[in-house]
Amino acid sequence: MSNLMEDVMSLCKRRAFVYPGSEIYGGLANTWDYGPYGSQLKKNILDFWWKTFVQDRDDMMGLDSAILMNPRVWEASGHVSNFSDPLMDCKSCQERVRGDKILEEHLKTTIAGLSNAEIYNKMMEEKIPCPKCKKVNWTEPRSFNLMFKTYQGVIEDTAAQVYLRPETAQGIFVNFKNILDSTRSRLPFGVGQYGKSFRNEITPGNFIFRTREFEQMEIEYFVRPEEAEKYFDQWVEDYKAFFKALNIPEDKLRLRYHERDELSHYSSKTVDFEYEFPFGWGELMGIAHRGSFDLDQHMKFSGEKLQYRDPQSNEVLTPHVVEPALGLTRAFLIVLLSAYEEQTLENGETRTVLHFAPQIAPVQVAVFPLQKQQSEPATQLYRDLKKHFRAEYDESGAIGKRYRRQDEIGTPFCVTYDFDSEADGCVTVRERDSMKQERMKIEELRAYLNERL
Ligand code: GAP
């Protein structure tokens with residue numbers, strides 16, 4: 001694993017961002033728990049997404065649908081028949097791989113639309129060895145459906161079988177009629193939903209990049225068919241701005257439009273935002289033009305009419321859908337990777353700092369008394385600030401150490417209450433990235449922070 005990924009993972013464990021799941025029982029492979037700072041950071045990214053794309057817009061609204069849904073939903077959506085990966089085993093060492101991924105890594109290009117037999121033939125033609133034992137001794141690929149199955153109720157038979165949702169999107173489509181009937185929505189309008197999704201991935205890994213349980217933030221944006229292209233391009237621009245606001249460097253992102261034969265079963269146009277991870281370029285999110293596929297399928301399978309009547313012209317139409325789909329846990333990973341820096345200071349010390357955008361930092365302001373004698377007024381200041389900001393109080397160790405502690409968790413501002421504060425009513429504010437310090441009146445502090453957070 002690259003140094004950056006190792007450094008970030010180590011910081012995550014040490015500083016309460018992410019812990020290995022079920023650790024005291026020896027863990028459960030590829031599961032992760034978000035600690036006190038990590039859960040706050042994840043929530044802040046989610047809140048920022050919700051505010052940007054749901055709360056601040058007139059054409060958007062939210063939804064929170066159930067994880068367990070009628071299994072017919074997944075028949076209609078195509079997940080029962082299409083949502084599978086080609087699973088291959090090495091007959092020599094039993095290593096299990098995704099045939100398409102191994103082939104892509106070997107050919108150094110994306111491959112799509114190949115049947116299992118074609119994948120097998122190419123693997124044999126190219127003599128692609130097992131990554132573990134280096135032998136070329138593969139089973140033929142089997143299609144492995146990625147949906148987790150479970151049972152609802154006490155009887156474990158097929159009639160009671162349900163799936164853990166593999167995406168949040170379908171909850172929006174099956175509520176399309178409810179939303180139209182209960183709100184006064186006019187095209188174009190969109191519905192945003194976030195929440196857990198589950199996929200029984202064959203090759204999870206790269207820390208939280210690909211896990212079997214993860215969180216998504218998805219939008220289904222319903223438009224008149226002839227306007228889909230226009231809004232597709234608009235959503236690409238909106239997400240570029242979103243990542244910029246999260247301090248993701250532009251040169252770490254690129255757009256990759258899918259080739260025709262690579263498109264998912266539902267999509268007529270898809271673009272991926274890719275991020276340059278320490279292990280190479282990888283998918284961050286996708287924006288798909290889903291046409292009327294989902295509404296048509298659910299109309300067919302449910303018998304319900306999922307159409308829109310124009311209130312002015314009375315025209316009835318099935319809207320087309322543009323879907324920006326982003327993983328919250330994947331966004332969390334790129335926020336951390338982009339923010340992480342180790343700096344060598346003039347005195348030779350190393351400073352580890354997370355350059356989070358201030359609005360998503362888990363702690364926004366830390367308050368220190370210079371010495372224990374100032375504990376009382378400093379605590380009072382901390383209590384006042386805590387009503388308005390995510391604040392933390394720290395009085396242990398040298399002041400430099402306290403700065404380092406806050407830098408490591410990405411706190412944008414530290415405020416020190418010192419010997420003179422009582423007399424002059426001023427404190428020292430130190431900014432994380434520039435390390436510049438300025439002295440200001442306590443009564444101006446709130447406005448100063450409000451402007452910057
Ligand atoms: N509704 C469309 C959909 O779910 P997707 O490309 O399969 O599309 C959307 O997933 C996003 O969800 C991905 O771009 C990625 O950010 C995230 N995601 C998908 N599978 C994931 C996994 N196993 N672990 C973490 N994030 C995942």
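Note that ligands are numbered from 1 as they come in the structure, with each ligand's atoms numbered from 1 the same way. For clarity, every value in this text was computed on a predicted model and none was experimentally measured.
- Using a 4.0 Å cut-off between charged side-chain N and carboxylate O, R256 and D272 make a salt bridge.
- No N or O atom of P166 sits closer than 3.5 Å to an N or O atom of ligand 1.
- Contact check on R186 versus D59 returns no salt bridge, with no Lys/Arg side-chain nitrogen under 4.0 Å from an Asp/Glu carboxylate oxygen.
- Here R405 does not pair with E408 in a salt bridge; the nearest charged N to carboxylate O distance is not below 4.0 Å.
- Counting heavy atoms closer than 4.0 Å to ligand 1, residue R210 contributes atoms from both its backbone and its side chain.
- Here the rule is salt bridge (Lys or Arg N to Asp or Glu O under 4.0 Å) with D407, and of R402, R15, K401, R351 only R351 fits it.
- Given atom 6 (O) of ligand 1, the protein heavy atom at minimum distance is E283 OE2, 3.1 Å.
- One finds no salt bridge joining K300 and E75 here, because no Lys/Arg side-chain nitrogen approaches an Asp/Glu carboxylate oxygen to under 4.0 Å.
- Contacts with ligand 1 closer than 4.0 Å are made by no heavy atom of R165, backbone or side chain.
- Protein heavy atom at the shortest distance from atom 24 (N) of ligand 1 is T211 N, 3.1 Å.
- At a threshold of 4.0 Å, the pair D89-R142 counts as salt-bridged, since one of the basic side-chain nitrogens sits closer than that to a carboxylate oxygen.
- Looking at atom 16 (O) of ligand 1, its nearest protein heavy atom turns out to be L284 O, 2.7 Å.
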Kindly indicate, with the supporting measurements, whether the criterion salt bridge (Lys or Arg N to Asp or Glu O under 4.0 Å) is fulfilled by K240 and E250. CA-CA 9 Å; K240 277 188 195 164; E250 258 171 67; over 6 Å; no

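- Proximity annotation for atom 9 (C) of ligand 1: of M285, Q216, E274, Q216 comes nearest, heavy atoms only.
- Contact between M217 and ligand 1 is absent, with no heavy atom of the residue lying under 4.0 Å from the ligand.
- The protein non-hydrogen atom at the shortest distance from atom 3 (C) of ligand 1 is E218 OE2, 3.5 Å.
- Taking the charged nitrogens against the carboxylate oxygens, D47 and K51 have no contact shorter than 4.0 Å, which rules out a salt bridge.
- Heavy atoms of E323 found under 4.0 angstrom from ligand 1 belong exclusively to the side chain.
- Within the listing of ligand 1, atoms 1 (N) sit less than 4.0 angstrom from a heavy atom of A169.
- Not a single donor-acceptor pair under 3.5 Å links the side chain of R212 to the backbone N or O of F148.
- Ligand 1 has no nitrogen or oxygen under 3.5 angstrom from a nitrogen or oxygen of F214.
- Of all the heavy atoms of D272, none lies under 4.0 Å from any atom of ligand 1, so neither backbone nor side chain is involved.
- The shortest N/O to N/O separation between R199 and ligand 1 falls below 3.5 Å.
- A salt bridge between R404 and E349 is present, with a side-chain N of the basic residue lying under 4.0 Å from a carboxylate O of the acidic one.
- Although no hydrogens or angles enter the test, the distance criterion places a donor-acceptor pair under 3.5 Å between the side chain of S338 and the main chain of I334.
- In the vicinity of G327, heavy-atom distances shorter than 4.0 Å reach the ligand 1 atoms 11 (C), 12 (O), 15 (C), 16 (O), 17 (C).
- The nearest protein atom to atom 25 (C) of ligand 1, hydrogens excluded, is given as F209 O, 3.2 Å; this is a heavy-atom distance.
- For ligand 1, the polar-atom distance check finds an N/O of E201 within less than 3.5 Å of one of the ligand's N/O atoms.
- For ligand 1, the atoms lying closer than 4.0 Å to a non-hydrogen atom of R290 are 1 (N), 2 (C).
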